[in-house]
Structures are given as structure tokens and as C-alpha cells.
Chemist: 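Have a look at the structure that comes next, please.
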Amino acid sequence: MKIRIRKQFIIIALLAIVLCQVGCNGKKQQEQTNSTIQAETTEATETKTTESTETESTKITQTTQEFEIVLSNNNSWEQDGKKCAQLDGFIKNHTDVAAKDWKVTVTVPSGSKIQNSWNGNYNLNGTTLVITPVDYNKEVAAKGEVPFGFIIETPSDYNPTQVVLDLAGKQYRPGDKNDVATKEETSTQEKTEQGTNEETSNEEATTEIAAAQNEAGNAVAKHGALSVKGTNIVDKNGQVFQLQGVSTHGINWFPEYVNKDAFSDLSKYGVNAIRLAMYTADYNGYCSGGNQGELENIIDNGVKACTELGMYVIVDWHILNDNDPNQNKDSAKTFFDKMSKKYAGQDNVIYEICNEPNGGTTWESVKAYAEEIIPVIRKNDKDALIIVGTPTWSQDVDIASKNPIKNQENILYAVHFYAATHQENIRNKVETAISNGIPVIVSESNISEASGNGSLNYDEGNKWMDLIDKYHLSCFAWSLGNKDETSSFLKSSVTKTSGFSKDDFSDAGKWYLEQYSK
Ligand code: IDC
């Protein structure tokens, strides 16, 4: 009896997975844009169970595709007479077991150059581009995925047609259907996020930061509840107001920087807002094994600290691995209901409902999600600012501006930039969005590459700041922490978590603090 019930349950569960995969896939295919070169073809193939045996350790063997590789051309443009394209890739793991040490080989036209890249090591030799993991993404989690991407300069238009993923001893190509049995469960989860204490060789920035003797520290007392008027944020007196913010790194990984003294240190340089970034589906995420109670406590401490300091604070549902916010919509609803109930009476709390939709997620999909989450917040909090992320890692504000969310007030649309990667073409999207009348907020940015690491581009950073000044945009920088990557605000040798002196800040950190002090 016991065994029969279990067998039926297993068959029903597997059928549900198949139906869901077919359903989701059908929807994704409808949503694909023309620019997607290699379409994602996650097709559930036949599914069957092995005969279950009598013991508790019965294993299920499911016949389905194990891993998948997707590489899409999401953006092409001409720069100085050369063709450029942004290629975004994903390695997807459809199994219940984590897999390690992936390699992607892509054939590119001869004479190509990789201008920028993120989330991988990129080695171009002739026409062969080999992409291998960096320290934090060696593992493709069970049912998870690893995003990567690059910007390529080619002599002619380029479509990625020859792409091979090597993983777990086999090869996969875009659109493959691989009928292979899933392996038995093992546990290979590893902590991938660690700050290092190595000495950095960062040059000291030569420019002095003039600590702003201004009102940043008590901004909320002066400016009160913020709202949206036209394309601007205005304060309680109807005056245009700009948030000058710093985002934490993932509070799932670096909770120690969520403290009042650290925020107070930043406020001395004109920082009037903090963004609390809580990953949802990456390692230790709110929806991927993180301790929800602990994460909520960290948010609570962060909000309290900001409130005591008179700073604004964003509660950020930091989607990334979960490309489409609808993936964890139910958890998002519960979470935002809880948060907005708790903070309804406060003027300084702002909600960011989906950090960066990606992986081909369309604006229609994000908008549908927003239209469900916003009312959940509004039921408790009638007028708090709500930030909605946009497709392609919060770049496509132009697309959102053509079909904005209707009948809702105090909504902002997120654009994110990493100035060494995202330049003129993304700034043009901001111009388009604003000319179409939607309010845009830079809720995350840095002058590093999109990976959060690599070289800093001050020239492009200055151009972004010009745009921010021109439209009085609010801006947040990624990220408060000492992780050994160039976007970190602190040098990696700095181990204290507050009481920062000017010299403790990294080059990127100093640059932002200088902008905010002006
Ligand atoms: C990066 C972190 C890096 C971490 C990685 C996880 O800097 O330490 O290992 O996430 O995937 C974003 C994301 C933000 C990224 C950042 C830099 O919102 O989570 O942080 N970035 O890659 N969008 C564009 C860049």
C-alpha cells in the first residue's frame, strides 16, 4: 500500500513537471524576439519511472534533457565603423544534481575581438573562443543556471551558430534534445561567495574626496515621503529630489556590512540612501535555501539603521539566476506583503520588486508580474515608491516606455549600468524612455565591467553622470563590501565593517563618493 501510493505520487509529480515544462516552453517560444539567434528549446521528452523497489532509497530515473546551452545575440550596433554585438548565454541544469566545471566553445569570424565579457574567462585563439568559469560560477546548481556574456567586435554581422557546451563528460549544442537518464543524488553544493583579505595593488585615487558637509544624514527629516511627478522623484514639498545611494552586496553573503555605523560613514559623503540587495535564487537565496527569517532580520536591521540615520532605503528582491520574476512570484507576493505591512508607516522605505529580469524574459512578462505585486504592496502602503526592473538585466527601459504600467502611481523603471560595458546604446535607451514620459531610476551601477570586476571606465562613468545630472536621476552604486572585485566599495585588504577612512575605499568607491559629495 505504502509503495503503491508512493509510485502514484511519483508518476503524478513527474507528469506535472512535464506539463509545466511544455507549458512554460510554449510561452517562452511565443515571447522570443527576432534577435534571438539560437532559440531556447527546452522540450520535455518522454518521462518514465523505473520500477520502484521496496526500500526507502528507491531512485527515480527520469528521461529528459540534462543540460542546455543557450546563446543569443541580444543587441547589435556599429561603433567606429565596426560591427558589435552583445551575446548573452546561459548554461541550464535540468537535473537534480549540481554539475561542475563547464566549458563553452564558440566559433567566431576571423578577425573578431572580445571587447567586454562577464561571468567567465574568455580565451580567443584564432576563430575559437573558449569560455570557462570564474571562481564563483564553476558550479551549475541543480535546476539552476549560470549566465555569462560578452561583447564581440566582428568584421561582419555575426550570428553564433557553432556553440558547444562541455559538461559532465558530454557535449551539448543549442537546441539539442538529449535523452539521458538523470544521475542519482549527490550533494555538491559549495559556498561560492567569500571575501578575500588579500592585499590589493589598487592605485590610490589622486582626487581628494571632499566629505560633504550636507544634509545627507537627515534627508528623510527634510524631504519626507517621496513621490513621482512626471519623470522625476519629488520630495514632500514637490521639489525634485535625487537619491544618491549605495547598494549592499548580497546580504545573503555579506550581512556584516548592514550596520548603522557603516551607513553613517557613507552618509558623510552625501549618500542619502542604501539599497539592501537580497538575492532570491542564487546561492543561499531567499527562495533557494537561504534562511528566510535571518534574511528578514538583516533587512529589518538595515531599515532600522537607515531610519535612525534619516536615510532612504530600498528593499531589493534581487532576482538574477531566476531570470523571470514570475519564477518565484508566490514567494515575492508573500515577502512584499510582509515587508509592506511592516514598513507601511515609514516614509523612507522603497520597494524594488525585481532586480534584473534576464534570459530572454520579455517586458510583457515583467509587466504582468509587476501588475500582481504592486497591488500586494499598495494594499498595505498606498504611496511608497516602487521600482520595477526591465528586461536584459534592467537595460530595456525604452521597451518598457512603449507599454508602461497603467493606473498606478509612484512607479519607477530601473536602468542599470556598468560603465566599462554599458555605454552609448544604453544611454540612448534612457533618453528614449524619458522622452516617452516614464520615470527612470539607476538602482544599480558601477564604472567596472558588467561582471562587477575588470577595468574601471571613468570616461564612460562621467558620461553616465552627465545623463544623471541632465535628468535629475537617482543613482545607486554596487556595492558595499570588500570582495576582491573592482566594483566593491572597499579595498579587499580592508576587513573592518565600519569606521571607514577615505583610504579604505576602493577606486570605484572613491569615484562614487566624489560624485555624491559634489
Ligand atoms: C555580482 C557580484 C559578484 C557575484 C555575482 C553573482 O558583484 O560578486 O558573484 O553577482 O552572480 C548585476 C547584478 C549583480 C551582480 C553585478 C556584477 O545585479 O548581482 O553582482 N551585476 O556582475 N547586474 C549587472 C552587473
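Both counts, for ligands and for their atoms, begin at 1 and track the order of listing. Along the sequence shown, residues are numbered consecutively beginning with 1.
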Chemist: Any side-chain donor paired with an acceptor under 3.5 Å for Thr280 and Asn328?
Modeler: no
Chemist: Which ligand 1 atoms, with their elements, are less than 4.0 angstrom from a heavy-atom of Gly452?
Modeler: 17 (C), 22 (O)
Chemist: From atom 23 (N) of ligand 1, work out which of His249, Glu356, Glu485 has a heavy atom at the shortest distance.
Modeler: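 Residue with the shortest heavy-atom distance to the ligand atom: Glu356.
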Chemist: If you count the atoms of ligand 1 from 1 in the order shown, which ones are under 4.0 Å from a heavy atom of Ala450?
Modeler: 17 (C), 21 (N), 22 (O), 24 (C), 25 (C)
Chemist: Measure Asp282 to ligand 1 on non-hydrogen atoms and call it side chain, backbone, both or neither using the 4.0 Å cut-off.
Modeler: side chain
Chemist: Could you tell me which atoms of ligand 1, counted from 1 in the order shown, lie closer than 4.0 angstrom to a heavy atom of Asn355?
Modeler: 18 (O)
Chemist: What I want to know is whether Ser487 and ligand 1 share at least one N or O pair that is separated by under 3.5 angstrom.
Modeler: no
Chemist: If you measure every N/O of Leu320 against every N/O of ligand 1, is any gap under 3.5 Å?
Modeler: no
Chemist: Which ligand 1 atoms, with their elements, are less than 4.0 angstrom from a heavy-atom of His318?
Modeler: 13 (C), 14 (C), 18 (O), 19 (O)
Chemist: To which of Tyr279, Phe254, Tyr283 does the heavy atom nearest atom 1 (C) of ligand 1 belong?
Modeler: Tyr279
Chemist: For Trp393, is the nearest heavy atom under 4.0 Å from an atom of ligand 1?
Modeler: no
Chemist: Hey, is His416 one of the residues with a heavy atom under 4.0 angstrom from ligand 1?
Modeler: no
Chemist: With a 3.5 Å distance limit and no angle check, can you tell me whether Ser517 reaches the backbone of Tyr269 through a side-chain donor-acceptor pair?
Modeler: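 Present.
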Chemist: Kindly assign one of parallel, tilted or perpendicular to the pair Tyr312 and Phe241, based on the angle between their ring planes and the thresholds 30° and 60°.
Modeler: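 Aromatic pair Tyr312/Phe241 classed tilted.
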Chemist: Using side-chain hydrogen bond (donor to acceptor under 3.5 Å, both in side chains) as the criterion, point out the one residue from Glu66, Glu68, Lys92 that pairs with Tyr172.
Modeler: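 It is Glu66; the other options fail the test.
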Chemist: Please verify whether a non-hydrogen atom of Trp118 lies at under 4.0 Å from ligand 1.
Modeler: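 Under 4.0 Å: no for Trp118.
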Chemist: Which atoms of ligand 1 have any heavy atom of Ser451 under 4.0 Å away?
Modeler: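 This gives 17 (C), 22 (O) as the contact atoms.
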Chemist: Could an N or O of ligand 1 be found under 3.5 Å from any N or O of Asn119, whether backbone or side chain?
Modeler: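 No, there is no polar N/O contact under 3.5 Å.
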Chemist: For residues Lys491 and Asn482, report the shortest heavy-atom separation together with the two atoms involved.
Modeler: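 Shortest heavy-atom separation between Lys491 and Asn482 comes out as O-CB, 3.5 Å.
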Chemist: Would Trp253 and His318 count as a close aromatic pair, with their ring centres under 6.0 Å?
Modeler: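 Ring centroids of Trp253 and His318 are no less than 6.0 Å from each other.
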Chemist: Angle class for the Phe336/Tyr351 ring planes (parallel below 30°, perpendicular above 60°, tilted otherwise)?
Modeler: perpendicular
Chemist: For Lys483, take its heavy atoms, then give the atoms of ligand 1 lying under 4.0 Å from any of them.
Modeler: 3 (C), 4 (C), 8 (O), 9 (O)
Chemist: Would you tell me whether Ser455 and Glu449 have side-chain atoms, one donor and one acceptor, within less than 3.5 Å of each other?
Modeler: yes
Chemist: What I want to check is whether the side chains of Ser445 and Tyr512 have a donor and an acceptor closer together than 3.5 Å.
Modeler: yes
Chemist: How many angstroms lie between CH2 in Trp317 and SG in Cys287, if you round to the nearest 0.5 Å?
Modeler: 3.5 Å
Chemist: Please determine if Trp478 has a nitrogen or oxygen closer than 3.5 Å to a nitrogen or oxygen of ligand 1.
Modeler: yes
